[in-house]
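One structure is given below, encoded as structure tokens.
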Amino acid sequence: MNYVIIVAGGKGLRMGADVPKQFLLLGGKPVLMRTMERFYDFDAQLQTILVLPRDQQTYWHERCRAHDFNLPYLHADGGATRFESVSNGLALIPDDAQGVVAVHDGVRPMVSVAVVERCFSVARQAKAVIPVMPVVETLRQMMPDGTSQTVNRDAYRLVQTPQTFDLQLLKRAYQQPYRSEFTDDASVVEALGAQITTVEGNKENIKITTPFDLEVCERLLVQPPSTP
């Protein structure tokens with residue numbers, strides 16, 4: 001069986017809103033619902049695990065009733081770190097289960113179905129897959145003395161989610177003790193010595209962190225994402 005763990009633990013401080021960013025309305029519906037629907041569009045049989053802080057769960061259930069949102073999913077409590085949150089989500093999957101599992105940011109509602117399909121398809125063989133996009137801006141590296149220098153942007157990629165893995169590989173990776181350098185799921189898996197494979201993402205797959213990001217996504221709802 002295949003799974004997706006959707007992590008939605010942000011407080012949305014940079015949004016300046018009264019509610020966490022995953023609950024802000026996007027086209028009249030909470031962002032988090034849009035994100036979950038995108039994976040349902042990919043595969044209605046996909047087992048979804050939603051990781052949400054305990055103090056946000058009552059509000060979430062109220063929003064589900066208000067929007068008649070009834071897609072099936074399992075519920076896990078969010079942790080103090082993303083590492084702990086993903087661990088809590090993985091704990092709901094049987095230890096002997098086989099398949100592919102994706103981990104996706106709850107505030108990335110515009111990932112294309114084609115990218116999700118690509119990640120799952122490649123992960124069946126490659127075991128560890130992340131979607132990436134090329135860097136189009138000039139990059140400069142800041143030096144300890146305050147100076148800076150241009151670096152070759154062709155050597156870098158912007159990382160997106162869903163980060164998608166062989167299920168047993170990700171379970172083994174998350175048995176490791178937490179380290180501060182674990183900034184995403186790929187870094188946790190790399191710590192086991194596993195190789196990460198990259199696939200093309202989609203440029204609309206932005207992580208909503210500011211009011212500008214939300215406005216961009218509103219416009220993208222009118223013009224659907226491309227399917228690279």
Side-chain angles (χ1 to χ4, degrees), residues 2-93 101-113 116 160-164 170 174 178 182-185 188 204-222 224-225:
N2 294 328
Y3 302 81
V4 59
I5 298 172
I6 296 179
V7 183
K11 295 182 173 60
L13 300 178
R14 280 178 284 179
M15 293 295 299
D18 295 331
V19 298
K21 55 191 175 182
Q22 54 265 29
F23 302 138
L24 295 176
L25 295 183
L26 174 59
K29 185 180 296 186
V31 167
L32 183 53
M33 292 182 188
R34 296 278 182 192
T35 301
M36 294 174 70
E37 287 173 341
R38 192 52 57 95
F39 284 86
Y40 188 82
D41 290 342
F42 158 66
D43 180 2
Q45 303 304 312
L46 190 67
Q47 176 65 72
T48 299
I49 299 171
L50 174 61
V51 185
L52 197 64
R54 188 170 296 177
D55 61 2
Q56 297 178 9
Q57 292 176 13
T58 297
Y59 184 80
W60 165 247
H61 293 309
E62 292 173 352
R63 294 300 85 207
C64 288
R65 289 191 292 270
H67 291 271
D68 195 26
F69 184 78
N70 54 15
L71 294 187
Y73 66 92
L74 300 177
H75 211 146
D77 291 340
T81 63
R82 180 186 176 87
F83 182 91
E84 185 178 346
S85 292
V86 175
S87 293
N88 290 347
L90 281 169
L92 296 185
I93 303 175
V101 57
V103 183
H104 189 68
D105 297 322
V107 289
R108 286 186 185 267
M110 305 307 293
V111 61
S112 73
V113 173
V116 177
Q160 301 179 333
T161 66
Q163 299 190 2
T164 311
L170 193 64
Y174 271 89
Y178 171 73
F182 289 163
T183 57
D184 65 356
D185 307 291
V188 180
E204 300 90 349
N205 185 17
I206 61 176
K207 185 176 182 179
I208 296 178
T209 56
T210 68
F212 177 78
D213 298 330
L214 188 63
E215 181 178 346
V216 170
C217 287
E218 287 279 3
R219 295 181 181 232
L220 287 172
L221 284 178
V222 180

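Everything numeric here is computed off the predicted structure, so don't read it as measured data.
- Tyr59 and His61 have their aromatic ring centers separated by at least 6.0 angstrom.
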**Request:** Please report the C-alpha distance between Ile206 and Met110 in whole Å, then the side-chain angles of each, then the deciding distance to 0.1 Å, and finally whether the side chain to side chain contact (heavy atoms under 4.5 Å, CB included) criterion is met.
**Result:** CA-CA 7 Å; Ile206 61 176; Met110 305 307 293; 5.6 Å; no

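- Contact between Ile6 and Gly106 at its shortest, heavy atoms only, is CG2-CA, 3.7 Å.
- Side-chain atoms of Gln47 do not come within 3.5 Å of backbone N or O of Tyr3 as any donor-acceptor pair.
- Residue pairs meeting the salt bridge (Lys or Arg N to Asp or Glu O under 4.0 Å) criterion with at least one partner in residues 102-111, sequence neighbours excluded, are Arg82-Asp105, Asp105-Arg108.
- Taking the side chain as every heavy atom from C-beta outward, Val103 and Leu170 approach each other to under 4.5 Å.
- Contact between Leu26 and Pro109 at its shortest, heavy atoms only, is CD2-CG, 3.7 Å.
- Ser85 places no side-chain N or O within donor-acceptor distance of the main-chain N or O of Val7, the cut-off being under 3.5 Å.
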**Request:** Starting from the C-alpha separation in whole Å, work towards a yes-or-no answer on side chain to side chain contact (heavy atoms under 4.5 Å, CB included) for Val31 and Leu214.
**Result:** CA-CA 9 Å; Val31 167; Leu214 188 63; 4.0 Å; yes

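- Around OH of Tyr73, the count of heavy atoms belonging to other residues, nucleotides or ligands within 6.0 Å exceeds 12.
- Every residue two or more places apart in sequence or in another chain that forms a side chain to side chain contact (heavy atoms under 4.5 Å, CB included) with Asn88 is listed here: Ala76, Glu84.
- Minimum heavy-atom separation, Arg38 to Ser112: NH1-CA, 4.1 Å.
- Between Phe23 and Trp60, the ring planes are parallel. Angles under 30° get that label, and only those over 60° would be called perpendicular.
- Of the possible polar contacts, one joining the Arg34 side chain to the Gly27 backbone as a donor-acceptor pair under 3.5 Å is found.
- Nearest heavy atoms, His67 versus Lys29: CE1-CA, 4.1 Å.
- The SG atom of Cys64 sits 8.0 Å away from the CG atom of Leu50 when rounded to the nearest 0.5 Å.
- Scanning all heavy atoms of the two residues, the minimum distance from Thr209 to Lys21 falls at CG2-NZ, 3.7 Å.
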**Request:** Dump the intermediate steps for side chain to side chain contact (heavy atoms under 4.5 Å, CB included) on Asp185 and Val86, then the final yes or no.
**Result:** CA-CA 8 Å; Asp185 307 291; Val86 175; 3.6 Å; yes

**CA sep, side-chain torsions, deciding dist, call: Val101, Thr164, side chain to side chain contact (heavy atoms under 4.5 Å, CB included)** = CA-CA 6 Å; Val101 57; Thr164 311; over 6 Å; no

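- Judged by distance alone, the side chains of Gln163 and Asp184 do bring a donor and an acceptor atom under 3.5 Å apart.
- In this structure a side-chain-to-backbone donor-acceptor pair under 3.5 Å is missing from Arg54 to Gly78.
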